*Asks:* 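Structure provided below as structure tokens; questions to follow.
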Amino acid sequence: MNEISRMTEAKPIKTPTLPDAQTVTQVKHYTDRLFSFRCTRPASMRFRSGEFVMIGLMGAPDEKTGKQKPLLRAYSIASPSWDEELEFYSIKVQDGPLTSRLQHIKVGDEVILRPKPVGTLVHDALLPGKRIWFFATGTGFAPFASLLREPQTYGDYDEVIITHTCREAGELTYGAEIIESLKTDELLNEVIGEGFWKKIKYYPTTTREDSPKMGRITDLMRSGEAFKDLGVAPICSQNDRAMICGNLAFNLELKEMLEDYGLEEGANSDPKTYVVEKAFLD
Ligand code: A2P
């Protein structure tokens, strides 16, 4: 048994003292800018893979009144809807109001979690298609960490292409580990079908540090290099569906590109051929 599973099994039993408190069960640091953590899940909380919730910590006491207010931010749930715990993937901003503190959480600590999941990166917001593209930068990988572990993704599509552009190679680790873990996940291989993960094509790229594939995904698609590397046909509105989650500039650029390919932005109430959500930063 490794360190991680031991930490997960040692579920601390504590009486919640915060409103909507959940207990941290695992913390993993990837780089000086990125970490993930898992926490308990409210028994009654349902969500669709790809959605986000508000999470946070109690803020500092007000100087005048001494009262404390919760400091909350939107976080995509990185775990799938069937998981008994919740997982989150976060940036660490050294002077960020929330993540400057959140990065120091430990197993047994409490976080505040408002159990009202919402979001557009859900299967319901897309019309049926053959191939789905997940486009992420940085912590925008989080909703796809959920959707890649969601059986419906493989039921709905023949091919699942996930692109992840980060500044540095170490920032790809979280995503790479999740994709690798699918191969040996006995439960998912049994539920979805042995070898389901072979439907996945993973395309990680870096922009500011050497790695096997350098460049922004947008540029690599524009030049045709990404399609060539992946050995797939370019995007067509009849077969392809897409979800985007990254920084604002990336989202806007990719939206425009997808619309040039003939895709249209969908919503929960009006499913179409692509959806977008920004990766929330502190
Ligand atoms: P770059 O290093 O060329 O800016 P960030 O950490 O700033 O959110 O960026 C995450 C990744 O997203 C970086 O690799 C960054 O590349 C890339 N990126 C930023 N803007 C765009 C864009 N408009 N299109 C594609 N990739 C982008």
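Scope of the values below: all heavy atoms of this structure, side chains included, with no hydrogens, waters or symmetry mates. Remember, it's 1-based here, ligands and their atoms both numbered in the order they're listed. Keep in mind it's a predicted model, so treat the numbers as computed, not measured.
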*Asks:* Which hydrophobic side chains are connected to Phe280, either touching it within the sub-4.5 Å cutoff or through other members that do?
*Replies:*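 Direct or chained contacts put Phe280 with Phe52, Val118.
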*Asks:* For Asp83, which of Arg149, Arg41, Arg38 qualifies under salt bridge (charged side-chain N to carboxylate O under 4.0 Å, His left out)?
*Replies:*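 Answer to the salt bridge (charged side-chain N to carboxylate O under 4.0 Å, His left out) test with Asp83 among Arg149, Arg41, Arg38: Arg38.
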*Asks:* Sequence neighbours left out, what passes side-chain contact (heavy atoms from CB on, under 4.5 Å) with Asp210? Give chain and number order.
*Replies:*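 If we apply the side-chain contact (heavy atoms from CB on, under 4.5 Å) test to Asp210, skipping adjacent residues, the hits are Met214.
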*Asks:* Running the 4.5 Å side-chain criterion over Ile, Leu, Val, Met, Phe, Trp and Tyr, what cluster does Tyr261 land in, apart from itself?
*Replies:*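 Joined to Tyr261, directly or through intermediates: Trp133, Phe135, Ile161, Tyr203, Ile217, Leu220, Met221, Phe227, Leu230, Val232, Ile235, Ile244, Phe250, Leu254, Met257, Leu258, Leu263, Tyr274, Val276.
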*Asks:* State whether a side-chain donor-acceptor pair under 3.5 Å links Glu87 with Ser79.
*Replies:*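 There is no such pair between these side chains.
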*Asks:* Let me know which protein residues bring a heavy atom to under 4.0 Å of ligand 1; chain then number is fine for ordering.
*Replies:*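 Within 4.0 Å of ligand 1, protein side: Arg33, Thr137, Thr165, Cys166, Arg167, Thr207, Arg208, Arg216, Thr218, Asn247, Ala249, Phe250, Glu253.
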*Asks:* If we check salt bridge (charged side-chain N to carboxylate O under 4.0 Å, His left out) with Glu159, which of these qualifies: Lys130, Lys201, Lys198, Lys199?
*Replies:*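 Answer to the salt bridge (charged side-chain N to carboxylate O under 4.0 Å, His left out) test with Glu159 among Lys130, Lys201, Lys198, Lys199: Lys201.
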